[in-house]
Amino acid sequence: MEKQRKPASCDAVKALCSTAGTGTKPRDPQRLHTANLAKRERHRKRGKDTWTAKSRELSGQNMRSINSKSIAANKSLFKNPVDNCYQPQPEKTFSAEEARLVMKAVVEERLRNAEYDGNACSALARELADCVKHAVKDLLFFERYKIICFVVLGPVKQSDLCCCSRSVWCPSADTYAEYCFKNHSLFALCVLYAVYSE
Amino acid sequence: MEDYQPNDEVSFNADEASNYVKECIESIIGGVDYNQNKVNQWTASIVEHSLTQLVKQGKPFKYIVNCAVMQKSGAGLHTANSCYWDTTTDGNCTVRWENRTMYCVVCVFAVAVTL
């Protein structure tokens, strides 16, 4: 069965089409503008007629609730703004010299009269690393710095040891401090790295 | 190199870092005996090569690599570390290696960078 064509739309299309041929664009912009305005008006009227009262009420409520929630959230942010906690540079740069003095005091106090013992020195090395880290962290309070303490401990014997370190970090904020202790029985190398956290 | 998405939370992969370091050690002092004249050069090469491999991964970390090489003479060697950092994002790995004439201990510390 042939579809019934809407005469109104067909006439509107025909009115827009040029008389010269098929498929060409209308040549009169004023007529096109008028036709578009008429089309918009028809859509607007259709929208009012087709919406039911219930659906309009629901959509209106949803929109109101969304708007009120976002407005309340924005208001709370305005009253209690969240601080930006990113600080690219430290207020107080870590002092390697001060850290070295603290390390020297802790290591000398702990190892002054110590003797090397293969079984006990394993725990001694761990204890020394913890003590140095806590001392630097608690006595010299540098904000936003992460601390890494590395200790090497061994007997004083006819053997050779070489220790080397490299890093990829921010040279303006990050630094290190080292201290080497030696007595008649053992030696201890303590290196402390301070890395800034932005 | 992987593409890094700024919102991704990345934690340090110790196994992967350990493999890179082992390869570096093997390539530099794999088949050689201890030599006092060359040990400085060896330790510097090990840390620099390891650092280069780690940085090539393109992860958002600051790295510290430490290497200690000791001649085998019957003496013991103890290493320890203590860290004050964010345990969810930062990490370390320690690689112990030895051959007939020397010990090598390499420590890698990775500190996350906030982007």
Side-chain angles (χ1 to χ4, degrees), chain A residues 85-88 116-134 136-138 144-170 173-174 176 178 186-198, chain B residues 34-52 54-56 59-87 89-90 92 94 101-115:
Chain A
C85 57
Y86 185 74
Q87 279 186 5
Y116 180 79
D117 175 17
N119 297 324
C121 278
S122 179
L124 178 61
R126 280 197 298 274
E127 183 194 329
L128 195 61
D130 276 336
C131 285
V132 169
K133 182 200 75 181
H134 280 295
V136 170
K137 184 167 75 76
D138 298 333
R144 303 177 79 102
Y145 271 94
K146 296 178 178 177
I147 308 285
I148 298 161
C149 181
F150 178 73
V151 166
V152 179
L153 204 142
V156 173
K157 268 196 176 182
Q158 296 288 333
S159 66
D160 210 13
L161 171 76
C162 181
C163 191
C164 177
S165 175
R166 294 280 190 277
S167 58
V168 170
W169 59 21
C170 177
D174 307 328
Y176 76 98
E178 63 178 337
L186 56 76
F187 76 91
L189 169 67
C190 187
V191 187
L192 186 120
Y193 304 98
V195 182
Y196 181 67
S197 173
E198 298 90 354
Chain B
Y34 184 82
N35 185 335
Q36 190 181 5
N37 299 324
K38 291 189 180 176
V39 67
N40 281 331
Q41 181 188 338
W42 288 339
T43 51
S45 295
I46 288 169
V47 289
E48 283 165 14
H49 278 81
S50 303
L51 211 48
T52 307
L54 291 166
V55 169
K56 264 187 189 174
K59 302 256 175 84
F61 287 105
K62 295 180 180 177
Y63 293 102
I64 300 161
V65 180
N66 205 309
C67 173
V69 173
M70 192 181 87
Q71 185 183 17
K72 268 189 179 177
S73 62
L77 180 69
H78 304 271
T79 65
N81 59 73
S82 181
C83 308
Y84 172 66
W85 58 22
D86 185 347
T87 52
T89 55
D90 308 329
N92 70 323
T94 303
T101 56
M102 56 185 162
Y103 296 108
C104 178
V105 180
V106 178
C107 289
V108 176
F109 301 98
V111 180
V113 175
T114 315
L115 292 175

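Throughout, protein chains are lettered first and strands after them, A, B, ... in sequence-line order, and every chain is numbered starting at 1. Computed over heavy atoms, backbone and side chain alike; hydrogens, waters and symmetry mates excluded. Please read these numbers as outputs of a predicted model, since none were measured by experiment.
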Rounded to the nearest 0.5 angstrom, the OG-CZ distance for B:Ser82 and A:Arg126 is 11.5 Å
Tell me the closest heavy-atom pair linking [X] and [Y], and the distance in Å.
X        : Y        : answer
B:Val111 : A:Lys146 : CG1-CD, 3.4 Å
B:Gly76  : A:Pro155 : O-CD, 3.1 Å
A:Gly118 : B:His78  : O-CE1, 3.4 Å
A:Tyr116 : B:Leu77  : OH-N, 4.4 Å
A:Arg166 : B:Ala44  : NH2-CB, 3.8 Å

Residue pairs meeting salt bridge (charged side-chain N to carboxylate O under 4.0 Å, His left out), one or both in residues 68-87 of chain B, sequence neighbours left out, come to B:Lys72-B:Glu98
Residue pairs passing the salt bridge (charged side-chain N to carboxylate O under 4.0 Å, His left out) test with at least one member in residues 105-115 of chain B, sequence neighbours excluded, are none
If one checks every heavy atom of B:Tyr34 against chain A at 4.5 Å, the contacting part turns out to be side chain
Whatever's closer than 4.5 Å to a heavy atom in chain A on B:Leu51 counts as side chain
Note: vs chain A, highest number of non-hydrogen pairs under 4.5 angstrom among B:Val106, B:Val47, B:Val65, B:Val105 is B:Val65
If you tally heavy-atom pairs under 4.5 Å between each of B:Trp42, B:Tyr63, B:Tyr103 and chain A, the highest tally belongs to B:Tyr63
Which one, [options], leads in non-hydrogen pairs under 4.5 Å with chain B?
options                                : answer
A:Cys162, A:Ala125, A:Ser122           : A:Cys162
A:Cys170, A:Ala129, A:Gly154           : A:Ala129
A:Glu127, A:Glu198, A:Lys137           : A:Lys137
A:Val152, A:Asp174, A:Leu124, A:Leu128 : A:Val152

Min side-chain heavy-atom separation [X]-[Y] under 4.5 Å:
X        : Y        : value
A:Cys163 : B:Thr43  : no
B:Asn40  : A:Cys164 : no
A:Val136 : B:Tyr84  : no

Bottom line for A:Tyr86: the part with an atom under 4.5 Å from chain B's heavy atoms is side chain
Item to complete: For the pair A:Ile148 and B:Asn92, evaluate side-chain contact (heavy atoms from CB on, under 4.5 Å) and give the outcome as yes or no after the intermediate values.
Response: CA-CA 10 Å; A:Ile148 298 161; B:Asn92 70 323; over 6 Å; no
side-chain hydrogen bond (donor to acceptor under 3.5 Å, both in side chains) filter on A:Glu178, not counting sequence neighbours, yields none
Checking heavy-atom separations under 4.5 Å from chain B, one finds in residues 186-197 of chain A A:Tyr193, A:Val195, A:Tyr196
